[in-house]
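To keep things clear, I will list the structure first and then write my remarks on it.
Every chain is numbered from 1 and lettered A, B, ... according to where its sequence line falls, protein lines coming before strand lines.
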Amino acid sequence: MSFFIASSPHHHLRRSTADLMRLVLIAMIPGVLAQWYFFGWGVILQLILAIGVALAAEAVCLLARNREPSSGLRDYTAVVTAALLAVSIPPLAPWWVIVIGTLFSIVIVKHLFGGVGHNIFNPAMAGYVLLLVSFPVQMTSWLPPATIAQELPGFWDSVRVLLFGFTGDGYSLEQIRRVDTGAMLDAVVMATPLDHIKTELAQGYTLSEAKSAIIFQGAAGTGWQWVNLAYLAGGLYLLKQRVITWHIPGALLGSLGLLALIGAVFAPDSLPNVDIHLLSGATMLAAFFIATDPVSAATSTRGKLVYAALIGLLIYVIRTWGGYPDAVAFAVLLANLCVPVIDQYTRPTVYGHHEERR
Amino acid sequence: MSAVQKYSGNDADIRLWSFPGGIHPPERKAPANQAPIQRLALADEFIIPLRQHIGALSEVQVAVGDHVLKGDLLSAPGIEHGLPVHAPTSGEIIEIGEFPLNHPSGLSGPGIRLRSDHLDSWGERKPLADYQQHNHLEVLEHLQHMGIAGLGGAGFPTARKVASAQGIDCLIINGAECEPYIAADDRLMREHADEIVRGSLILQWLTHAKSILIAIEDNKPEAIAAMRNALAQANENTLATQASELALKVVVIPTKYPSGGERQLTQILTGKQVPANGLPADIGILMHNTGTAWAVCRAIDHGEPLLERVVTLTGEAIRRPCTAWVPLGTPVQHLLEQVDFQPEAQQRVIIGGPMMGFTLPHLQVPVIKTTNCVLAPTRKELPPAGPEMPCIRCGACADVCPASLLPQQLYWLANANDYDGLKAHHLADCIECGACAYVCPSEIPLVQYYRQAKAEMREQAIEHHKAEIARQRFEARQARLEREKQERLERHAQAAKAREEALAARKQQPQASDDGAPRTPAKPDANTDPVASAVARAKARKAEREAARAESKESPAESATEAAPPEDPKKAAVAAAIARAKARKAAKQKDEDS
Amino acid sequence: MSWIIGIIALSVLALVAGLILGFAAIRFRVEGDPIVEQIDQILPQTQCGQCGYPGCRPYAQAIADGDELNKCPPGGQATIDRLADLLGREAKPLDAAHGAEDVKKVAVIREDECIGCTKCIQACPVDAIMGATRQMHTVIADECTGCDLCVEPCPVDCIDMLPLPSKPERWTWNLEQIPVQNITDAATAQQSQGGER
């Protein structure tokens, strides 16, 4: 028997990266359940597919880089990336969409940049942007929420649509997406609330006219608002568990909300109000789960505030004047690019150096 | 009434600030702080390292075989306030040599081994009863001679700390003891509050501080009560007869690690930050540990050198955890034997607490002035660090850093050996508290990286300094050689000139006066041919040299035959000859061997 | 005519720009260390001559004049890398012909064997040896660069090059190097301890 030499500190909080990532996954459950309720089995299938592909890709990458695969797989970072990507894409997008996106996220964005902790961009969002610019049709084919849909495909129909593009009865994805608007004779293909507003505004309608559509049975779009509220609940759980601090979600929602408020005050007819901005699209997911990804976010407290406020600003700018209805992915990637600069200029003043700064 | 009138029972009039970051690890002061401070059996042997503090090494005053009494001086007080060491108990000096040090490196250093006679009989004690009748220098010298050093952190000589502090407003007595497990100051404050107050007043008198703040974390209610009680007592007695505007307060601070750090506690109590590369004295603050105040009191009032201290013995591998009075120099092995130490496989024995302590490679290490805790945790209690995982840039380390550093940035820079970058990120301001490594989800031993980087930077600085000196010496030597060469040439030139002049003079002289007979052969030569003259000169010199050599060769033989009383040159030459022969032989041997 | 105006305009512009540049070159001149000085700063100043030059500064001059920068064993790879960095040249491994990188050493004279010949004093490039003719010599350890030059001239071979002892205040936190004692057999442990001393 011999003594054991170790370096101080000899005590440890014992909260590993894996624990943190597990908590993130747990916090995603309410949002995923809400998505499942409103958009059917597709989201669950996408999750399974994405996680499977991500773990396989992670293992292969680690082996190729001569790393021990088991330790890398056990930290759950790949699972979180896959999950974030899976809940971001349309639930019934073809199987190869999520496979390509996940592979890109894990192999290119994460491992080619050096693996965990070295990636500049948020892998899930980089994967999402790749898919959005490569497969715009598949990536915008969202389903109508269950409350207004004619009928949502069941589990096996979802599997078939994912794999072959048709349900058992021969309906295509396009047909599933039709919504009985009631007012008109023909059923129309339904877009997401943000997409709908963007299209209508572009055609010269006012905001209130755009909001009269059936999809706006509720504050910020049927179904979507509940999905957002569910992610908000999950985010609050993360806050309570101290996995994340309030700075990033607070600054992101704050800046987005403030801009939306200013816009709504000055141009109430053409600029959507706070409720739509905060509770539609992927806002809550972005605020609590995507922007808080520690690897690609700013480090210091002040830096986090600047970084998140920048994301909020970019989301607002792209949603309002850009070409895409939702803007979370682009906003996050652009802010990721700014992180080194933000970190450089928000370094906290080190103890005892206050005099020098002045 | 007297000095402590301003003392108020509550802290309503004291504003507290906070420092950034900090953590709340489980405190686990419990079993050890429950019972009064114990006295354990005296060890058979003591190892007293000569250097227990920052400062010059002191000179040994005793010899092997000497019998010493408790408190006797073993080494002289060194220069620059270097501290002497004293016999912790009575006994015999059995060895003076190199012994394992109480140091994270596990290296050895000079020390004295003393075998106890178990009588523990005191030598002469010289209290400085009315210290206020003496001048400050005498009191400081007394403290130095009593070997008083800071009992809290690095063991800085107290007299030196006090002497170098000018313009002190506020004396802070640090009883925060923020590190988990450690309860030495806690018990000392509970049981010896009056002595701590007394020591604080002495320190206050020495520094002319206008106020004394005794800071205690709020997880030590008994110690707070005891200290308040002692202050009230001091108020009633005429113990404090000092300037009437003196404010003396117990300040209860919230429990947060590392609030006991000198810089952090300064910020909590004053809201001011100690300037980087500065001392608390720069902003009018002087801080001493409660234990130091106690030691000052013992030294002044009782003439007792710093011979023992309170040590916390705790951890689940120790069956009878406690705090104990331990004579300095007691081997840790002996201490652990007294408290039923049950080691497990891969046992860690930590000197200090779980956050900043260091592990021992063996137990033959003595307790020294700064040893406040011996912690022997089981693996279940404090699991060893898991495998180091990649940094995920989560920033948890930056959130808890009490110095507002960016630990992960420092980690990247340290990994890249970017010492300029580390300097720019103020690695030097890291206090190595371990908060960053404590929270790191990837279990990266951040502090270890920083310490290695700091050591490497220090080495580079030393090497650079050495190189600079070597360059200067080399250049000075080159200049000297050059100068000597020039001077030699000049001398030769002058000599030649002088000779020529002399010759010229002589050449004229014989024409003037006719008595040149003996010199005739040389004269025409020199006159006509300078080359011949040079040759002659060289010959003469050679002859001279040969004569000298002959003399030197003869002399040893002569003295040998004479058998005169031993002379230095003879001895040296003989020894040299022998040595030369030996060396030749050895060299030959070596050659043959290889 | 317009082409004449063009030429004149351009000439005037060029003149003005030239004047500004010239002024700036004088006004904002940066006094850099001469390159030899900078190279000398990096070299370890052992003055050992292993590079083939009589000291560090001559070697610095030689490097500036184009000599290889991998001839300095005391500086080792770290010095080569820094020189390569400074000069923008390729960092090569240490040239084995000039010796191998070694631990830092210090010369120690076995004083009872010294005959006082002063040969080592003359050899020492940094005047780090004290002594006089037929008196014992000794090395000022703090000033010794460990250059080895005093060993060769000694007629009685009484100079040893010993590795610098590791001191706690200069320890570099290498925890792996701490020898861990086996405590199952405490008695043998104690003995070996005693034996070491």
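The closest donor-acceptor contact from the side chain of A/His12 to the backbone of B/Ala385 lies at 3.5 Å or more, if one exists at all.
In this structure, chain A has a heavy atom under 4.5 Å from the side chain of B/Met389, while its backbone stays farther away. Within the 4.5 angstrom heavy-atom criterion, atoms from both the backbone and the side chain of A/Thr17 approach chain B. At a 4.5 Å heavy-atom cutoff, B/Glu432 makes no contact with chain A through either its backbone or its side chain. Proximity to chain B (any heavy atom under 4.5 Å) is restricted, for A/Ala297, to the backbone atoms N, CA, C and O. Using a 4.5 Å cut-off between heavy atoms, B/Pro383 touches chain A through backbone and side chain atoms alike. Proximity to chain A (any heavy atom under 4.5 Å) is shown, for B/Ile23, by neither the backbone nor the side chain. With a 4.5 angstrom heavy-atom cutoff, B/Cys394 touches chain A via backbone and side-chain atoms both. In this structure, no portion of A/Val243 lies under 4.5 Å from any heavy atom of chain B.
Nearest heavy-atom pair across A/Pro9 and B/Gly434 is CG-O, 3.5 Å. Pairing each heavy atom of A/Pro348 with each of B/Leu406, the nearest pair is CD-CD2, 3.8 Å.
No side-chain heavy atom of B/Pro441 sits under 4.5 Å from any side-chain heavy atom of A/Asp19. In this structure, A/Ile5 and B/Pro361 have side chains that are in contact, with non-hydrogen atoms separated by less than 4.5 Å.
Once rounded to the nearest 0.5 Å, the distance linking CZ of A/Arg347 with CG of B/Leu405 reads 10.0 Å. Distance check: B/His426 NE2 to A/Tyr351 OH gives 14.5 Å after rounding to the nearest 0.5 Å. A/Leu13 contributes atom CG, which lies 12.5 Å from atom NE2 of B/His24 (distance to the nearest 0.5 angstrom). Within the model, atoms CG of B/Asp399 and NE2 of A/His247 stand 7.5 Å from one another, a figure rounded to the nearest 0.5 Å. Atom CD1 of B/Ile392 is separated from atom CG of A/Asp75 by 8.0 Å, given to the nearest 0.5 angstrom. With rounding to the nearest 0.5 angstrom, the CZ atom of A/Arg14 is 9.0 Å from the CG atom of B/Leu382.
Of the listed residues A/Gly117, A/Ser7, A/Ala18, A/Ser8, the one with more heavy-atom pairs under 4.5 angstrom with chain B than any other is A/Ser8. Residue with the most contacts toward chain A among B/Arg451, B/Glu381, B/Gln273: B/Gln273 (heavy-atom pairs, distance under 4.5 Å). For chain A, the option among B/Gln448, B/Gln267, B/His425 with the highest count of heavy-atom pairs below 4.5 Å is B/His425. Of all the listed residues (B/Thr359, B/Val274, B/Leu446, B/Val447), the one sharing the greatest number of non-hydrogen pairs under 4.5 Å with chain A is B/Thr359. Interface summary for chain A: among B/Val349, B/Val439, B/Leu375, B/Ile350, the most heavy-atom pairs under 4.5 angstrom belong to B/Ile350. The greatest number of non-hydrogen atom pairs below 4.5 Å with chain A, out of B/Pro384, B/Pro20, B/Cys401, B/Gly353, is found for B/Pro384.
The contact list for residues 52-69 of chain A toward chain B, using heavy atoms and a distance under 4.5 Å, is empty.
Note on ring orientation: taking the six-membered ring where Trp is involved, the planes of A/His11 and B/Tyr438 are perpendicular (angle over 60°, cut-offs 30° and 60°).
No more than 12 heavy atoms of other residues, nucleotides or ligands lie within 6.0 Å of OH in A/Tyr76, so this atom counts as exposed by the packing criterion.
At a cut-off of 3.5 Å, with distance as the only test, no side-chain donor of B/Gln409 or A/Thr299 sits close to an acceptor on the other residue.
Qualifying side chain to side chain donor-acceptor pair (under 3.5 Å) partners for A/Gln241, counting only residues two or more places apart in sequence or in other chains: none.
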Set out, in order, the CA-CA distance, both residues' side-chain angles and the distance that settles salt bridge (Lys or Arg N to Asp or Glu O under 4.0 Å) for A/Asp343 and B/Arg393, then state yes or no. CA-CA 12 Å; A/Asp343 275 346; B/Arg393 283 175 48 95; 3.6 Å; yes
